[in-house]
Asker: 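To start, I am sharing the structure in question, which I have written as structure tokens.
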4 protein chains.
Amino acid sequence: MVTRTRNKDEVGYTRPADSRHEQIIKAAGALFVSKGYLKTTVREIARASGITVGTLYHYFSSKDDILSFIQEDTSDFISNLVQEAEETLSQSGPVEALRLAIRKYFSIVNDFQDITLFWYHDTGNLQPAHQEHLLHCDELLGEAFKRILDAGCQSGEFKQHDTTLTAHDIIVLGDMWAFRRWFLRKHYTFAQYATEQIDLILSAITNNRFQRQVLERRAEKTR
Amino acid sequence: MVTRTRNKDEVGYTRPADSRHEQIIKAAGALFVSKGYLKTTVREIARASGITVGTLYHYFSSKDDILSFIQEDTSDFISNLVQEAEETLSQSGPVEALRLAIRKYFSIVNDFQDITLFWYHDTGNLQPAHQEHLLHCDELLGEAFKRILDAGCQSGEFKQHDTTLTAHDIIVLGDMWAFRRWFLRKHYTFAQYATEQIDLILSAITNNRFQRQVLERRAEKTR
Amino acid sequence: MVTRTRNKDEVGYTRPADSRHEQIIKAAGALFVSKGYLKTTVREIARASGITVGTLYHYFSSKDDILSFIQEDTSDFISNLVQEAEETLSQSGPVEALRLAIRKYFSIVNDFQDITLFWYHDTGNLQPAHQEHLLHCDELLGEAFKRILDAGCQSGEFKQHDTTLTAHDIIVLGDMWAFRRWFLRKHYTFAQYATEQIDLILSAITNNRFQRQVLERRAEKTR
Amino acid sequence: MVTRTRNKDEVGYTRPADSRHEQIIKAAGALFVSKGYLKTTVREIARASGITVGTLYHYFSSKDDILSFIQEDTSDFISNLVQEAEETLSQSGPVEALRLAIRKYFSIVNDFQDITLFWYHDTGNLQPAHQEHLLHCDELLGEAFKRILDAGCQSGEFKQHDTTLTAHDIIVLGDMWAFRRWFLRKHYTFAQYATEQIDLILSAITNNRFQRQVLERRAEKTR
DNA sequence: AATGAATGAGAGTTCATTCAT
DNA sequence: TATGAATGAACTCTCATTCAT
């Protein structure tokens, strides 16, 4: 679970009050993910957090409020990713930037599999405002990927193609690691999965005259 | 909505009882899709079906029972698709079979967008047995795609690659048309979407020496 | 308790469904009056009505809804009174009309002592719309009394005076029988109370040259 | 708000503790009046007092306890009035004493409109003992008025009539300024209201042969 | 004296399901 | 078949009060 940093001055130190807050979010997150938002009762969250309902409402104004905090946590990570991707693009080339960005996003999905899964199931239970925020995050992420892809097209390393669509394909193939885990886990480790998918994506968009390099790179890696 | 054919002998004849049955499923399906399973009340389903709760319980033993029937409806379609794919493969080559199978699956998703979306949201509310059935359908579909892909690898038209993964990627990129419609509808018609994705998939797996053909085919189409 | 007439065709016949409705209103009214609206729980109302909470919510959409029905019941009576007063005024003179109207209003208060008392305590717990309706009823009643008083002033039977204020004084002196019953019941029967107050009011507003008549009338009555 | 004088010896000196006490009563009174006793939460009282709940419970043992103190404050005023009335009666005549006492009582109601209103709404939430105390105060006040009225009857200035009832009528017509303010404020200033009511009351009870004096007095005033 | 986190019983309300008619 | 009144457990949320710090 993500550690939110509301503490003002303290570094590497969590106040007991904050720990309660996180303790509840942690428990609630786990329950939401395993049972769904609606089927999880406030009493269960309280019990799982080792407190009583009254105390829970001391920290959160409503069941929905807990959800909002979980959401905030994850959207922070996306913002980070978007920023990093931008930097990598200007430093290394588009190919490397794309590889890194994909791998980074897939890692996030891997780390927050449950929550990713949860969004796919329970988006409809968020307040409209929060739903929009989530979609907005997603579009931002898509645009970040698109910028890398466009850079590659311009440099000639990528074929001319619909970069908007590819960007969203990448996101979905990442999320898939979470929502198809019942199948994928039987056949792949996360590392294998990420590598395979990255290769497939690059294979789809890399210009023919660069294909050899792609294949060579793959050979090196598996050596 | 799908029309279930439970009547064995009767042809072109629907009993009033059956019509009630379908009427309820239709109404329930629409409500489940728009509000989610848990947020839909039995009373609402009854009202939307133009009957009373008591009557509803004459046709279905529980709220969950209604869900099961909806599920059966859709899984029929998948079985059909799997069978057709097999036939096409033996008649035309793997490339053509893949194009057709993908297009067919994407069409199903397009026709049942709401239900596809619904499965992504509410799978968790199905009885375990029904959940497994759904996953099983999915694996069957994946295997159907895999057989086509393997055939293409063997014929040399497709690169050697992880066909299992690609098969599932195809399914997910199809479902995506439903669960990302909030975004995709803004940029693509269904026809555009299907064409673009098919090209991208083929571009990713087609052997280099066949790439020209792929490009030519695309050129023809847009001409 | 007042019998509301929602039944469409039936005359002098109460359907069992309606009886439930009234049964609940009756029980709720008694509880609201004795404990106050806020301190009365829905569970108590149900228990007092001999049903369960679920059933109660079958007949009323909320606790507040029950209150609304109680209110409707009483405001019907006021409308009646206002109409009757008008008729009496045109038939008999203002003095007689005033006597009758006062006596009528006092009787209503006497019959619905508890509810009158309840309004004084719990007006603040009504929805704003219902509060306004109640005040509106009160103004209508005030205006009815005022019309009689004005007629008397014009005919010379009553002194020139602020009839608006007197009208409201009359209403308040009526309500007083409910909200001061802890004291008044110790000293007066309802009949005594009504007679005394009517005399006092007439004594305050009757023109001097008619005073003798008033006194004579009183003498007759007590004879 | 009323300033309680609990400090026995100290003169012109308020201890900080006492100021807290009053501060809370002030805030609580305002809230009770505007929202009602039950709908006001202890947390709100604390916040409005600029302290925390814990601190509040250092000064008052319970929510109910706060109410008791508010009550005491007002009943002091009644005792004062009763005493003054007695003195005026012995100095001036009954007519003048009545005029003064009424005006005095009406002034108190005007000053403490909110609290008067509050008693009408929330008497039921007082502890039985406090309720009785309140009723007792009211009876004392009634008796004070009655003594003046009786004196007037004996002197011949007032008609023979039921002085007990009139005494209570006076109180109610005073309170009415508070609980009917939604209407009265639209038509009268406090001064007008008091004058009109006093005239009406005197007009009702003054002996005919004194009526002229009453009218003359009124004429003088409006001149 | 002052805090505010913790309590837990109890509030109003919902809803899948049953069953006598 | 068809009805819809009846059920009651379970839901989210509130709040007066306590008590360790």
Side-chain angles (χ1 to χ4, degrees), chain A residues 15-17 19-21 24 37-47 49-66, chain B residues 15-17 20 37-47 49-66, chain C residues 15-21 24 37-47 49-66, chain D residues 15-17 20-21 37-47 49-66:
Chain A
R15 282 167 307 161
S19 103
R20 265 287 154 81
H21 201 98
I24 294 166
Y37 177 73
L38 289 174
K39 279 191 174 168
T40 302
T41 73
V42 173
R43 249 173 196 76
E44 280 173 327
I45 300 172
R47 202 178 308 125
S49 312
I51 57 172
T52 61
V53 266
T55 309
L56 192 150
Y57 276 90
H58 196 72
Y59 291 93
F60 296 90
S61 64
S62 69
K63 190 183 174 184
D64 194 273
D65 193 33
I66 305 176
Chain B
R15 281 169 308 162
R20 269 282 161 81
Y37 176 73
L38 289 173
K39 281 190 175 168
T40 303
T41 73
V42 173
R43 231 171 210 78
E44 280 172 329
I45 299 172
R47 201 178 310 127
S49 312
I51 56 172
T52 61
V53 266
T55 310
L56 191 150
Y57 274 89
H58 274 287
Y59 294 93
F60 296 90
S61 64
S62 70
K63 190 183 173 185
D64 194 273
D65 193 32
I66 304 175
Chain C
R15 283 167 305 161
D18 264 0
S19 102
R20 263 288 154 80
H21 201 98
I24 294 166
Y37 177 72
L38 288 174
K39 277 192 176 169
T40 303
T41 74
V42 172
R43 263 173 189 77
E44 280 173 329
I45 300 172
R47 201 179 310 126
S49 312
I51 55 172
T52 60
V53 266
T55 307
L56 192 150
Y57 275 91
H58 196 71
Y59 292 93
F60 296 90
S61 63
S62 69
K63 189 183 175 185
D64 193 273
D65 193 33
I66 304 176
Chain D
R15 282 168 307 160
R20 269 282 159 82
H21 201 99
Y37 177 72
L38 288 174
K39 280 190 176 169
T40 302
T41 73
V42 174
R43 230 170 211 77
E44 281 173 327
I45 300 172
R47 200 177 311 125
S49 313
I51 56 171
T52 62
V53 266
T55 309
L56 190 151
Y57 275 89
H58 274 286
Y59 294 93
F60 297 90
S61 65
S62 70
K63 190 181 173 185
D64 195 272
D65 193 31
I66 303 175

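Letters A, B, ... are given to chains in the order of the sequence lines, protein chains preceding strands, and every chain is numbered from 1.
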Asker: Using heavy atoms to find the nearest nucleotide of DNA chain F for C/T52 and B/G50 separately, return the residue whose nucleotide is more 5′.
Answerer: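 Its nearest nucleotide lies further toward 5', so the answer is B/G50.
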Asker: Over all heavy atoms of both residues, which pair between D/L38 and D/K63 is shortest? Give the atoms and the distance, please.
Answerer: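 Scanning both residues completely, I find the closest heavy atoms to be O-NZ, 3.6 Å.
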Asker: Sequence neighbours left out, what passes side-chain contact (heavy atoms from CB on, under 4.5 Å) with C/I51? Give chain and number order.
Answerer: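 Counting only residues at least two positions away or on another chain, C/I51 forms a side-chain contact (heavy atoms from CB on, under 4.5 Å) with C/R20, C/I24, C/A46, C/S49, C/T55, C/L56.
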Asker: Test of understanding: with side-chain contact (heavy atoms from CB on, under 4.5 Å), list the residues that count as partners of D/S62, not counting sequence neighbours.
Answerer: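 Partners of D/S62 by the side-chain contact (heavy atoms from CB on, under 4.5 Å) criterion, ordered by chain and then number, come out as D/D64, D/D65.
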Asker: Check the distance between F/dG4's P and C/L56's CG and give it to me in whole angstrom.
Answerer: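 These atoms are roughly 20 Å apart.
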Asker: Check the distance between F/dA5's P and C/H21's NE2 and give it to me in whole angstrom.
Answerer: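 Going from NE2 in C/H21 over to P in F/dA5 covers 12 Å.
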Asker: Please state how far atom CD1 in B/I51 lies from atom P in F/dT3, giving the value in whole angstrom units.
Answerer: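 So the CD1-P distance, B/I51 to F/dT3, works out to 7 Å.
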Asker: Under 4.0 Å between a side-chain N or O of B/Y59 and OP1 or OP2 of F/dT1?
Answerer: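 Looking at the OP1 and OP2 atoms of F/dT1, neither is under 4.0 Å from any side-chain N or O of B/Y59.
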Asker: Going by the rule side-chain contact (heavy atoms from CB on, under 4.5 Å), which residues pair with B/R43 if we only count those two or more places apart in sequence or in a different chain?
Answerer: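 In terms of side-chain contact (heavy atoms from CB on, under 4.5 Å), with neighbours along the sequence ignored, B/R43 is linked to B/T41, B/R47, B/V53, C/H58.
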Asker: Wobble G-U and Watson-Crick pairs count when both distances are under 3.5 Å; given that, what is the 5' to 3' dot-bracket string of DNA chain F, with | for pairing to other strands?
Answerer: .||||||||||||||||||||
Asker: Once each nucleotide of nucleotides 13-21 of chain E is scored for protein heavy atoms under 4.0 Å, what B/S/- sequence comes out, 5' to 3'?
Answerer: BBBSBB---
Asker: According to ring pair (Phe, Tyr, Trp, His ring centres under 6.0 Å), who are the partners of D/F60, at least two apart in sequence or on a separate chain?
Answerer: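 Scan of D/F60 (ring pair (Phe, Tyr, Trp, His ring centres under 6.0 Å), adjacent residues dropped) gives D/H21, D/F69.
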